[in-house]
Amino acid sequence: MKLLLSRAIAVLVLSILLVTGLVVFGINYVNKASTWAQYPVNAHLYRDGLLKVSGKIYDRKGNILFQIQDGKKKFSTNKSVRTSLMHATGDLYGNVSTGAQVAFRGRLSGWNIINGAYRFNLKNNTQGHDLKLTLDSDLCVTAYNALNGRKGTVGVYNYKTGEIICMVSSPSFDPENPPDVSKDSEKYSGVYLNRLLSAVYTPGSVFKLITAEAAIDNIANITDAVYHCEGEIEINGVMVTCPSKHGDVTLEKALAHSCNVAFGQIALELGGKTLQKYAEKAGFNKELKIDGIDIAKGTAEISDAEGGDLAWAGIGQYTLTANPLKMMAYAGAIANGGIGVQPRLIYKDDNSLIPNLSLNKRVLNEDTAQTLGKMMRNAVITSYGEDNYKGLNLCAKSGTAEVGEDKRPHSWFVGYMEREDYPLAFVVVVENGGSGSKVAGQVASTVIKKAVSN
Amino acid sequence: MKVISEFAQVFLERFQNVADKITEYISIFFINFEKFDYIYTHVVRIILPVLAATIFLRCIFPLLRNWKQNTALAYLHMPDGTKTPIRHWENSIGRSKLSDIVINLSFVSRTHAVITYRNGGWLISDLGSKGGVKVNNQVVEKSMPVNDGDTISIAGYDMILDLSGFSQNFDESNLSDEAKMPLYKKKILRTGLTFMLILLFQCLGGIQILASAGDELNKAVPLTLIMFIVVEYTCFVVFKSLGKRFMELELLTLFLCGLNLLILSSASPDSLYKQLGAIVAGIIAYFVLTLILSNLDLARKVKYLLVAGALGLLVLNLVLGETRFGAKNWINLGFITIQPMEFVKIAFVIAGTATLDKLLTTRNITYFIGFSGACIGVLVLIRDFGTAVVFFGAFLVIAFMRSGDWRTIALITAGAALGAITVISFIPYVASRFKAWGHVWEYADTSGFQQTRTMIYAASGGLFGVGGGNGYLKYIAAADTDLVFGVISEEWGILIAVMVFLIIVFYGIYAVFLTKGCRSSFYAIAACGAASMFLIQTALNVFGSVDILPLTGVTLPFVSNGGSSMMASWSLLAFIKSADHRIRPEKVDAHKRKGVRG
């Protein structure tokens, strides 16, 4: 029978193939079961495409932002809260793919890999799958009102804990009374896009922070170096211009006055490859997920840029695009001694017995972060007007990003507060808003003041 | 110190949190106490997987234990003074390392002769060797009986057959394990307890179905389950009274059948009576086949009867076949509809068998290839491609066991693959299945409908299921046959679904284990053929429903709804069981002697 035993291996091989298949299925199951179960025809979780039972969504103070009552979606009772947080919660029909209703529907539905869709007492028990966001709805309302109907976005987060406390995107609408978006396509263009998470803009001068970081790391004696600005400079036949003649400027002064001529020269000194490396370190081209939501990557393709192109890249123009949240996180990393704390939207319920480690990552050298921080502080004092931000201990950089001949530039303002009690970093973008420090800076001022008054 | 105290503080805070949650949970539990079914499901869904795992482990350990134990039936005294045991009913003698009795001398052929036990005596057969075989100096033309003390000369190499001390009556029915008992006594797991656990599983599962159905209960459900338990109990008692002590294989199968009825109770209670009838018929068929197979000569005669019957069924299917779900694989006998191809499986497995002497002399398997070709051809004609794959896979396994010629097998496989590709590209019904394969989510509501639903609802069950009767997959067409893996996952949990899968994989491994101690290659081939059918069906059914393989619509043995499939599966099981000859009477004698002394 030895002979037959040796041939019976065929059956053993078959058995092993089956077990292998089972393992493949197991891996699929672990990775994809959540997606499978969330398919909206799943009668355990959905009725007519709507979650049968959904956990409530709360803001950080415990105000209800969203719930399903008697098979109907209900948002906050306050209209301005509903409108300001429409992108955070999502609308009635799930058009906002980054909204909590869609992005966190696995959690809201109560599904998990151990118990599946099973719920003890199906009807009454939503406990365990409620969702608390890190957002402060009052601050969001303030931010939305400060944008005053202009398109753009405001984000504020705690650079020590990573909690995003403010996230608004304009245009928005009241999700309980949705307008006919197609009728006024100009007013509602990109209304389902959460601009903080999913949009990219030309960064303009806020990118100078990254150029400055690269310069501090790579150019010897950069703090003592002096650049001369005649208001314009010609590089290989390409003109780089400044709004005014800045004369002899140090790096610090160049950042404060956003001197294009100086930064253009610095970019040339650094070279495209170095600048590319620092842009990627700051999050350009990189995948980022916050609580599972994909953040727009932003693009930096400057490693081969030369001459005038490279100079324009160094001042945040050329082909660069930046995502607002990533710029905010970059400012947060500067504030936090170079260590970036991953932003997040879901309030930690501290249920696990073992305190967990957050996803911290070094973004800048500690010394570089400190130097850069001082320069940003200087920019506020000497350039943006400390009076506008009294007592906030603000460090910031403005940006006025050119977006074409006939359009007004996008207005950026990125920075943070150097305060132990309010370790907050922020970003403001006002589309076609004009001057960065004036327009976006004004919005930032209103929002930050509200944040510290709480 | 500061760090520690801080950590302790955080820990205490969180512990407090957890404690609060638990208190809250318990209070919710008691608030719901009036709802019996909620509470019941909540507890039982955890108990059932634990029970299933216990049953599975209790059954597989005894079956795999002692598999090396295979003691001698007789001895051969070699010229160098050593004794070589004869361990099987059929033993090859030759130079090849794969011979049962290896004689490593250059003038001995690779496979020189076979010594077999037939009708109470031993027989030596020459396999056309160069050196020839002699018994007491008489040349063996083809074969010749040998007795105690006879000298067997293999090309001049003399061996003396020693039968002294061996009871030469090995023909006892395989249904009785009485003789095998003593060996197991020390570490035996009580079969009775395992059986009780199975009944407990079925009762708890049955109550779950009743609780979830509430007022909409179909009367067939409790009735069938009670009758099934009576059937199981009768079966157990009958087997026991026949001296059968090792029923692990049967118990595992009864466990699967119980699950089958629980699934039908939820998915299609109207077919419960029919299915129970099929189980009973299956058990009877199993019983009869085991009885027939325990007599090798009878089994070899029945083989031709079965093959003739199968050919009849093939013709019948072609003539009377009715089309359902795209395949013309049903025939209506007036009072009952059957799938004849399921029964052909039984003949197919036995058709490929051969005893070792035949296997080593006639390498020609043309008849078997012809019969296989007829079966697979009919299956293609009636468009039952899933079953065709099952037959083809079993054919490969059996043909390999018969010939050991992997080159020819590879050639046949390549040819078949080519044919299959042709079929796939020319028949739109099959082509559409293949189009969706691998990316069913792109065809989620058309040709990937069944697979996506299976995955959606399998994922909804989690580890422990939503409770029997609470599922939704059962409302999808063919849920209780093609998608049954999904139904188990959803209602009873992925743990139990995986256990079902592993039980069937275990049938395969068990068949391989048995091969070493098999009396005859006849049984070894039949067992491996039957096991490979189970394995291929399971792969096609389970992997087809979750889009790892194309969905072909074959049944999961013992678990899918379907009477013909149930009966055929029980019959195939008889082939596996019949190959279990691991314990030899010699040890029993030793024990008896001990018993006398003690």
Side-chain angles (χ1 to χ4, degrees), chain A residues 1-26 28-30 32-46 106 109 111-125 127-128 349-355, chain B residues 7 10-11 13-15 17-18 21 24 28-29 32 35 38 42 45 88 90 92 98-100 393 396-397 400-401 404 444 452 455-467 472 494 498 501 505 508-509 511-512 515-518 521 524-525 528 531-532 535-536 538-539 543 546 548:
Chain A
M1 290 299 119
K2 269 190 215 159
L3 182 71
L4 281 158
L5 184 65
S6 74
R7 291 176 184 176
I9 302 302
V11 179
L12 206 59
V13 169
L14 210 53
S15 309
I16 291 166
L17 281 178
L18 253 73
V19 174
T20 314
L22 189 67
V23 171
V24 170
F25 171 68
N28 275 350
Y29 187 86
V30 170
K32 297 182 192 154
S34 173
T35 326
W36 295 347
Q38 299 308 327
Y39 201 74
V41 300
N42 185 347
H44 287 289
L45 304 178
Y46 295 90
S109 71
W111 182 92
N112 65 51
I113 196 147
I114 293 172
N115 282 316
Y118 170 82
R119 241 174 269 124
F120 180 53
N121 187 353
L122 224 58
K123 286 192 191 81
N124 309 324
N125 182 16
Q127 184 230 21
D349 5 350
D350 282 352
N351 260 341
S352 61
L353 281 175
I354 301 146
Chain B
F7 186 84
V10 172
F11 184 83
E13 255 173 46
R14 293 187 182 180
F15 187 77
N17 269 341
V18 172
K21 290 255 160 159
E24 212 174 326
I28 289 179
F29 193 90
N32 288 296
K35 294 264 186 187
Y38 287 161
H42 203 61
R45 67 197 281 274
H88 311 284
E90 295 169 350
S92 56
L98 290 173
S99 299
D100 296 305
L396 291 181
V397 169
F400 181 68
M401 291 200 69
T452 50
M455 287 188 258
I456 289 168
Y457 289 112
S460 299
L463 295 183
F464 306 106
V466 295
Y472 290 100
I494 199 104
V498 166
F501 188 91
V505 169
I509 294 170
V512 177
T515 307
K516 194 183 178 192
C518 235
S521 61
I525 294 172
C528 287
S532 54
L535 291 175
I536 299 163
T538 304
F543 299 149
V546 296
I548 292 175

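The analysis underlying the following values was restricted to heavy atoms, covering all of them including side chains, and did not include hydrogens, waters or symmetry mates.
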Part of A/Tyr29 within contact of chain B (heavy atom distance under 4.5 Å):
side chain
Passing candidate, side chain to side chain contact (heavy atoms under 4.5 Å, CB included) with A/Leu4, options B/Lys516, B/His88, B/Met401, B/Glu90:
B/Met401
Among A/Ala33, A/Ser34, A/Ala10, A/Ser15, single out the residue with the greatest number of heavy-atom pairs under 4.5 Å to chain B.
A/Ser15
Under a 4.5 Å heavy-atom cut-off, does chain B meet the side chain of A/Ile113, its backbone, both or neither?
backbone
B/Phe501 versus chain A, heavy atoms under 4.5 Å apart: side chain, backbone, both or neither?
side chain
Quick one: pull up CZ in B/Phe543 and CG in A/Leu18 and give me the separation to the nearest 0.5 Å.
5.0 Å
Under 4.5 Å from any heavy atom of chain A, what part of B/Leu396 do you find: side chain, backbone, both or neither?
neither
With a 4.5 angstrom heavy-atom cut-off, could you sort out which part of B/Ser521 is near chain A: side chain, backbone, both or neither?
both
Side-chain contact, heavy-atom cut-off 4.5 Å: A/Phe25 with B/Ile494?
yes
Do B/Ile456 and A/Val41 make a side-chain contact, defined as non-hydrogen atoms from C-beta onward lying under 4.5 Å apart?
yes
Closest non-hydrogen atom pair, B/Val512 against A/Ala8:
CG2-O, 3.6 Å
Hey, could you give me the CZ/CD1 distance between A/Arg7 and B/Ile525, rounded to the nearest 0.5 Å?
8.0 Å
Could you measure the distance from the CG atom of B/Leu535 to the CD1 atom of A/Ile16? Nearest 0.5 Å is fine.
11.0 Å
Is any side-chain heavy atom of B/Leu463 closer than 4.5 Å to a side-chain heavy atom of A/Asn115?
no
Give the minimum heavy-atom separation between B/Ala459 and A/Trp36, together with the two atoms involved.
CB-CB, 4.0 Å
Output the option from B/Ala531, B/Ser99, B/Gly467, B/Ala511 having the highest count of non-hydrogen pairs under 4.5 Å with chain A.
B/Ser99
Side chain from CB out, backbone as N, CA, C, O: work out which of these in B/Val546 comes under 4.5 Å of a heavy atom of chain A, or both, or neither.
side chain
Quick one: what part of B/Ile509 sits under 4.5 Å from any heavy atom of chain A, side chain, backbone, both or neither?
both
Would you compute the distance between atom OG1 of A/Thr35 and atom CE of B/Met455 and round it to the nearest 0.5 angstrom?
11.0 Å
Taking every non-hydrogen atom, the tightest pair across B/Ile548 and A/Gly21:
CD1-O, 3.8 Å
Do any N or O atoms from the side chain of B/Tyr457 and from the backbone of A/Ala43 form a donor-acceptor pair under 3.5 angstrom?
yes
